[in-house]
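Single-structure report; data block below.
What's counted below: heavy atoms across the whole structure, side chains too, no hydrogens, waters or symmetry copies. Note that ligands are numbered from 1 as they come in the structure, with each ligand's atoms numbered from 1 the same way.
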Amino acid sequence: MTLVALPELLEHARERRFAVGYFEAWDLYSLEAVLAAAEAEESPLILGIGGLSANHGWLRSHGIEIYGAACEALARRTNLPTAILFNEADSFEEAAAGLRAGYNAVMMHTQGWPWERLVADTKALVHAAHGLGVAVEGEVGALSEMRDGVLDDSGGRMTGVGEAVAFVEATGVDCLAVAVGNVHFVHDDHTPTIDTQRIRDIGAAVSVPLVLHGGSGTPADQMRAAIEAGIAKVNVGTRLKRVYGAALDAAVRAGGSDANLLHGSRRADDVCVRAAEAVTSEVRRMIRVFGSNGRAAA
Ligand SMILES: [Zn+2]
């Protein structure tokens with residue numbers, strides 16, 4: 001196991017103009033699928049789960065700890081430089097539950113919060129996290145979202161350079177997620193337009209690495225341009241769940257006669273293993289788009 005602080009992982013990527021994908025998992029099979037892809041591509045790795053679509057009651061009933069422990073155990077399987085992220089907690093309290101649970105980075109989903117709460121809660125989280133050797137990803141601005149195939153930009157707001165500078169200085173976050181035309185929950189149903197000049201302007205004004213959420217739907221050419229402009233981490237979730245769902249449907253339809261082999265066996269017949277293999281292929285493809293392949297050691 002080579003646990004690496006997230007800021008260190010991203011600083012390394014920024015200097016070399018590639019991005020590390022945060023391929024958000026949702027269960028053990030998907031966590032292992034992401035790990036397998038990073039191993040195959042010799043890429044730095046960010047393992048983790050997130051709260052954006054999750055049942056928060058479940059997360060707080062030790063779900064946060066269960067997956068933190070799982071990520072830590074999985075990290076022991078690999079010598080890749082690895083960070084472990086609890087992404088998009090819904091509050092300070094929920095993020096704080098991740099601080100002693102195996103993650104070495106946490107993030108709150110703060111879109112729509114008033115500035116005072118955003119700064120106060122993020123600053124408090126940074127203080128608590130840094131005391132335990134955990135990094136914090138902060139966020140300024142708000143992403144538009146896809147809802148049932150329709151773009152909802154009512155809550156979207158681009159990140160301003162001035163507010164990014166003020167936020168990083170006031171809170172001490174280790175990396176910054178920005179809204180630059182990227183969209184949450186998008187896959188192939190909408191093509192976002194990324195404002196690369198805005199990325200350059202924010203990157204020149206703040207010292208910390210920049211993060212692009214909503215990476216599922218951004219075409220490869222725009223993604224390369226965003227990374228060239230200074231994005232060091234890209235979040236991908238929606239696309240992987242769609243790939244997994246389609247492969248799982250096919251595996252269930254193809255079926256088999258032995259339920260013990262089909263479900264939970266971890267053998268080739270296991271429908272979730274077959275679905276996870278599809279996720280691994282997709283993650284490998286995206287790792288190559290982000291340019292982190294072959295970068296585990298250099
Ligand atoms: Zn996100």
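Surrounding CG of D148 are at most 12 heavy atoms belonging to other residues, nucleotides or ligands under 6.0 Å away.
The other members of the hydrophobic cluster of F185, by chain and number, are L52, M146, L151, V183, V186 (side-chain heavy atoms under 4.5 Å, ILVMFWY only).
For S216 (side chain) and G214 (main-chain N/O), no donor-acceptor pair under 3.5 Å exists by modelled atom type. At least one donor-acceptor pair closer than 3.5 Å links the side chain of S30 to the backbone N or O of D27.
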Indicate every side-chain donor-acceptor pair of residues 1-8 with a distance under 3.5 Å to a residue at least two apart or in another chain.
{"from": "T2", "atom 1": "OG1", "to": "N79", "atom 2": "O", "distance (Å)": "3.3"}

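Listed by chain and number, the protein N, O or S atoms at a distance under 2.8 Å from the Zn ion (ligand 1) are E88 OE2, H184 NE2, H213 ND1.
For N293, the side chain to side chain contact (heavy atoms under 4.5 Å, CB included) partners are E41, I287, R288, not counting sequence neighbours.
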